[in-house]
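Order of appearance sets the numbers: ligands from 1, and atoms from 1 within every ligand. Bear in mind the structure is a predicted one, so any value in this text is a computation, not a measurement. The basis for the numbers below is simple: all heavy atoms, side chains too, and nothing from hydrogens, waters or symmetry mates.
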Amino acid sequence: MILTVTMNPSIDTRYQLSELIVDDVNRVQPMKTAGGKGLNVSRVLMQLGDEVLATGLLGGHMGAYMEELMDRDGIPHSFTPIAGETRICLNILHEGNQTELLEGGPEISTAELGAFETAYAALVGRASCVTISGSLPAGVPADCYAKLVRVARSAGVPVLLDSSGAPLDAALESRARPTLVKPNLTEINGLLGTSFTTDQLDELQQALRSDKRFEDISWVVVSAGAAGSIAFRGERTYRVTQPPIPAVNATGSGDATIAGFAHAIVGGNDDETVLRIANTCGKLNAMDPQTGHLAMEHWDEVYGAVKVTEL
Ligand code: ADP
């Protein structure tokens, strides 16, 4: 099975309003889902037909409710219990805008993190691949993902790391070698202290190749929204573009891309096929109104139109 890690999950509540009236009553119908980037990865993997297990930290009444929501969606899960309450995130869609209210989440104790690490090491032993996504909750040191990557790699299991800021930086600095990292263009510019665009591939390639933090990572993929992605694979560089079909909801496209990579890497595909599958997943997520859900009816059309060019 593919193990997906979500350390800071949330109950995502979405409200659709024709108009948000500030400083007055708004009557709403909520739509609640088990949220967090790793949960989006799990949903997409299930659509691709992969066996999945979602793990991470869950606590309190909201944690119990989150388990109900995962059961409702048929997502197999094994989370470590914590004392704090799992957070709630509100997403208000109104007048073409998306207003979000995101709770920070519970504080994790050293003992809770230790219990998770023990459970994680046992689950890794049953996994064909691990994906690690998103932010870390309060109380968890920034080097947590570096440790999780090391555990998976020493068990010979490929591990895909999709994070940003301090946890990603700490993993790269620590020399823990994930199989794949997938910063988006903004995130890679943040890490490198640059402001490259998709037109500056040579410069980006040089900056990455001369930066020791990316040495020996099998796949460094820089995703660039509607402009597709750029993949650095050892000495090879690939530019991937996709058909100009309009997007309806690009939230979760990065998570869908990670699911595509995990699916394709576990399947033992060649580089071009891996990139095609991953980009098709990102694009199909953007073509579906639901976050973490692929518009599967367009698979053949998009897969056939994705272009992978070796530079
Ligand atoms: P993240 O969600 O992590 O910021 P990106 O926005 O770069 O990642 O999206 C990941 C992938 O999803 C892209 O490489 C692309 O394949 C697809 N994608 C994202 N946004 C769009 C969009 N607006 N139109 C078409 N495809 C998109």
Side-chain angles (χ1 to χ4, degrees), residues 4-6 8 12 35-45 47-48 89 91 96 98 100 102 131-135 145 160-165 167-168 178 180-192 195-201 204 219-233 237-264 271-296 298-299 301-309:
T4 65
V5 178
T6 315
N8 204 7
D12 286 351
K37 289 165 72 65
L39 272 306
N40 292 337
V41 175
S42 305
R43 283 193 185 84
V44 172
L45 282 170
Q47 267 193 293
L48 295 172
C89 292
N91 184 359
Q98 186 164 332
E100 297 191 52
L102 310 181
T131 70
I132 301 174
S133 309
S135 62
Y145 287 158
L160 282 49
L161 177 60
D162 184 17
S163 189
S164 57
L168 175 59
L180 177 146
V181 290
K182 191 216 68 64
N184 64 29
L185 202 54
T186 312
E187 290 160 354
I188 199 75
N189 276 322
L191 275 173
L192 296 171
S195 49
F196 293 135
T197 65
T198 46
D199 295 330
Q200 293 171 292
L201 293 189
L204 177 58
W219 288 96
V220 178
V221 180
V222 177
S223 66
S229 61
I230 306 128
F232 302 92
R233 174 97 166 107
T237 300
Y238 298 97
R239 177 76 178 97
V240 189
T241 55
Q242 55 209 13
I245 305 168
V248 293
N249 174 19
T251 311
S253 283
D255 306 330
T257 304
I258 286 290
F261 273 116
H263 172 84
D271 289 2
E272 184 178 331
T273 310
V274 167
L275 290 167
R276 260 177 199 285
I277 292 174
N279 276 262
T280 300
C281 289
K283 176 81 201 183
L284 291 182
N285 178 79
M287 289 167 68
D288 194 293
Q290 237 178 298
T291 297
H293 195 265
L294 308 186
M296 276 304 221
H298 295 291
W299 181 279
E301 176 194 359
V302 172
Y303 187 83
V306 167
K307 263 185 34 196
V308 179
T309 315

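Residues T291 and T251 bring no donor and acceptor atom of their side chains to less than 3.5 Å of each other. In the model, D162 has no side-chain atom that pairs as donor or acceptor with a side-chain atom of T131 under 3.5 Å. Residues N279 and S229 bring a donor and an acceptor atom of their side chains to less than 3.5 Å of each other. Side chains of K307 and T241: no donor on one and acceptor on the other come within 3.5 Å. Side chains of S253 and N285: a donor-acceptor N/O pair is present below 3.5 angstrom, by distance only.
Residue T280 holds its OG1 atom at 8.5 Å from CD of Q242, rounded to the nearest 0.5 Å.
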Contact table ligand 1 N or O to protein N or O, d under 3.5 Å:
from	atom 1	to	atom 2	distance (Å)
ligand 1	2 (O)	G254	N	3.1
ligand 1	3 (O)	K182	NZ	3.1
ligand 1	4 (O)	N184	ND2	2.9
ligand 1	7 (O)	S223	OG	2.7
ligand 1	7 (O)	A224	N	3.4
ligand 1	7 (O)	G225	N	2.8
ligand 1	8 (O)	S223	OG	3.3
ligand 1	14 (O)	G228	O	2.9
ligand 1	16 (O)	Q242	OE1	2.8
ligand 1	26 (N)	Q242	NE2	2.9

